[in-house]
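Chain letters run A, B, ... following the sequence lines, proteins first and then strands; every chain starts at 1.
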Number of protein chains: 2
Amino acid sequence: MARKRITPGKIRLTEVAKLAGVSPITASRFFRTPEALSVGKRARVESAAKELGYVPNLAARALASQRTEVVGVLIPSLTNNVFADVLRGIYDALDGSRYSIQLANTRYSILQEERLLRLFLAQKPAGLIVTGINQTADSRAIMESVDCPIVQIMEIGPSPIDMMIGFSHFDASRAAIAHLLAQGCRRIGFLGARMDPRVQRRLDGYQAAMNDAALFDPRLVVTTAVPTSVTLGGTLFADLLAKAPDIDAVFCVNDDLALGALFECKRRHMAVPDQIAIVGFNDLEFMSSSVPTLSSVRTNRYEMGRDAATMVIETLEGRRPAEPVVDLGFSVMERQSSARRS
Amino acid sequence: MARKRITPGKIRLTEVAKLAGVSPITASRFFRTPEALSVGKRARVESAAKELGYVPNLAARALASQRTEVVGVLIPSLTNNVFADVLRGIYDALDGSRYSIQLANTRYSILQEERLLRLFLAQKPAGLIVTGINQTADSRAIMESVDCPIVQIMEIGPSPIDMMIGFSHFDASRAAIAHLLAQGCRRIGFLGARMDPRVQRRLDGYQAAMNDAALFDPRLVVTTAVPTSVTLGGTLFADLLAKAPDIDAVFCVNDDLALGALFECKRRHMAVPDQIAIVGFNDLEFMSSSVPTLSSVRTNRYEMGRDAATMVIETLEGRRPAEPVVDLGFSVMERQSSARRS
DNA sequence: TTGTACGCGTTATCAA
DNA sequence: TTGATAACGCGTACAA
């Protein structure tokens, strides 16, 4: 009853070891800790592997070692430029390392996120990078019980699951409003799209700043759950003007909306900044080259991704970061679109 | 010498099977082909799995079955909006399915691509989606010897490795120039950044169209290897004006450059389209809401990603697409920026 | 520094 | 429809 499966042509570690004249485990060590081999055997295994075109079987490795070298990354959107920058940072940091990335898209749904989390964990990831601080209770419980470094990115808050890197969207938004107030603006509109948790906190920051100045008026706020776009910026700005024709400034929760608002101003022949000041959020590349240049709140997205990945690696290698929560801050980039002749 | 490793608390298939009162293989079948079980056992295994909180071990599964359910995706850039749309299509198509995605970034390097390809293949992917038709000879050889569906995306050409979906960048570019010629433009500049193979083919298309009209002049062409940006669009346009002050139109290889050129025109108080017509490429969302609206060549990026993923799935399920090469075409979106009063 | 023995958790194969 | 057996390819633990 020879119901063996043995595939004959296949190159396994055993084949490499045989050709090199060593035991399989020695060949195995060559790929993981080459410095533990004598120089002679090291060379023999190396050339044998090359000659046979050996490709390690990652599944077997993962099964035997009970771990993998993939870092799971959960982000809410692939389309959003903001995450593209974060991702670039993550890929850059992990590129030279032994770790690879498993990326998934939660589509701004924490239920979806929970599902993906379970999927990821079935693969025993080396580490995890997740977006934001609003997870389901189950997600949190799962992550807290898992034994791998986890970094929450994009924002900071109390009680990190493990580590955290980001900034305060509330403070950033409030700083943007403070800038507009300092420019002499009083009727400052707010344009928001998608309204995910971080955008919501920007709205909170706006409201706090306006309340502090005794200038808050609900008619100044226009939001929608619709995903953002430049076109939407124009639409929302038109809505805002309809509700509050006397505005002298508008704060947009992202730069696409700001650009859309600028175009809408052009269409209506409204002068920016003299008639309407505009401030965006994220400081995408185009903000500094539009006409007029657009003010925005710069956030350190690339650094966020890069450092989050680095925190994972450092932890895996036993050098846990001293500070589990990193505030990357932000800066208000004051440009022509909000330069009022007070 | 009992150096067993047996972890006690762990829930394996065996535990589930024991609780359900069936053999492990029966429990295994429940997760793969539930309809092959009798109704009674099916229910018993199901409740046992739920009760124990069983999570399948993907590494063991991959090792035993010699395959995985991940589709590898190789793209040259994460920052480029163009790929964000393609990715969204891929994720959307694969989302409901059993397959997950392994994404890697080649950074526009075919050597990097080859390295990543080897890495992916060590995981025995269910399928592969790669960008473009310019792979190294080794990459091609590797892919041709692999037994899984492979789709090349973004462009089409002769001799697909397996399947292909995209469009002709040469034709698309030529169509854009034909449009400008039809508008009465004669001195049509060309702005190119990054100059990857597909951009190069757009340049070829431009040159062919201009030669056909006996209007080609090397001074009209400005290119750089630098990655694209809106700011760069302004810079390149300024360079073009310096070399050829008499241009009456500019074709930009992407929309960021086009927007940058538009802003540069504003800065110089050059009327668009009356003095300078502008046409971009890709038709990103903002093109239709700028002032003036910007003409562009629309490409079906989302569909490309979605259909590429679908082709992989169909092939895996035994329904191989009738046509291995799919041309998604393009369309020239004629907007204000190129509407000349002939 | 190198090797022996065996387990990792699942599925393919064959038989009933 | 169900089950027994072995195999998937590698790493861990321990010994030499």
Original post:
Under 3.5 Å, is there a donor-acceptor pair between the side chain of A/T136 and the main chain of A/L111?
Top reply: no

Original post:
Between A/S23 and C/dG3, is there a side-chain N or O to OP1/OP2 distance below 4.0 Å?
Top reply: yes

Subject >> Phosphate OP1/OP2 of D/dG11: any A/R12 side-chain N/O under 4.0 Å >> reply: no

Original post:
In degrees rounded to 10°, what angle is found between the helical axes fit to the five outermost pairs at each end of the helix from C/dT1-D/dA16 to C/dA16-D/dT1?
Top reply: 10°

Subject >> Non-neighbouring partners of A/E69 that pass side-chain contact (heavy atoms from CB on, under 4.5 Å), sequence neighbours left out >> reply: A/R98, A/Y99

Original post:
How would you list, by chain and number, every residue that makes a side chain to side chain donor-acceptor pair (under 3.5 Å) with B/T131, sequence neighbours excluded?
Top reply: none

Original post:
Can you check whether B/R61's main-chain N or O pairs, donor with acceptor, with B/S65's side chain at less than 3.5 Å?
Top reply: yes

**OP:** Figure out the CG/P separation between B/N57 and C/dC8, and round it to whole Å.
**Re:** 11 Å

Original post:
Between atom CG in A/L58 and atom P in D/dC10, what is the gap in whole Å?
Top reply: 10 Å

Original post:
In whole angstrom, what separates B/L52's CG from C/dG9's P?
Top reply: 15 Å

**OP:** Name every residue in residues 24-49 of chain A that has at least one heavy atom under 4.0 Å from any atom of DNA chain D, in order of residue number, or write none if there are no such residues.
**Re:** A/I25, A/S28, A/R32

Original post:
Out of D/dC10, D/dT12, C/dC8, which nucleotide sits closest to the side chain of A/Q66?
Top reply: C/dC8

Original post:
Does a nitrogen or oxygen in the side chain of A/Y54 sit under 4.0 Å from OP1 or OP2 of D/dG9?
Top reply: no

Subject >> Protein-nucleotide distance (B/L13, atom CG; C/dT11, atom P), rounded to Å >> reply: 6 Å

**OP:** Using the salt bridge (Lys or Arg N to Asp or Glu O under 4.0 Å) rule, collect all pairs that involve residues 29-43 of chain B, keeping only residues at least two apart or in two chains.
**Re:** none

**OP:** With sequence neighbours left out, write down each residue that passes side chain to side chain donor-acceptor pair (under 3.5 Å) with A/S97, or none if nothing qualifies.
**Re:** none

Original post:
For B/R61 and D/dG9, what is the distance between atoms CZ and C1' respectively, to the nearest whole Å?
Top reply: 18 Å

**OP:** Provide, to the nearest angstrom, the distance between the CG atom belonging to A/L63 and the C1' atom belonging to C/dT11.
**Re:** 12 Å

Subject >> Residue list, side chain to side chain donor-acceptor pair (under 3.5 Å) with A/D92, at least two apart or on another chain >> reply: A/Y302, B/R107

Original post:
Residues two or more places apart in sequence or in another chain: which of them pass side chain to side chain donor-acceptor pair (under 3.5 Å) with B/Y54?
Top reply: none

Subject >> Pairs flagged by salt bridge (Lys or Arg N to Asp or Glu O under 4.0 Å) wherever residues 300-322 of chain A is involved - sequence neighbours left out >> reply: A/D85-A/R301, A/D162-A/R320, A/E314-A/R319, A/E317-A/R319

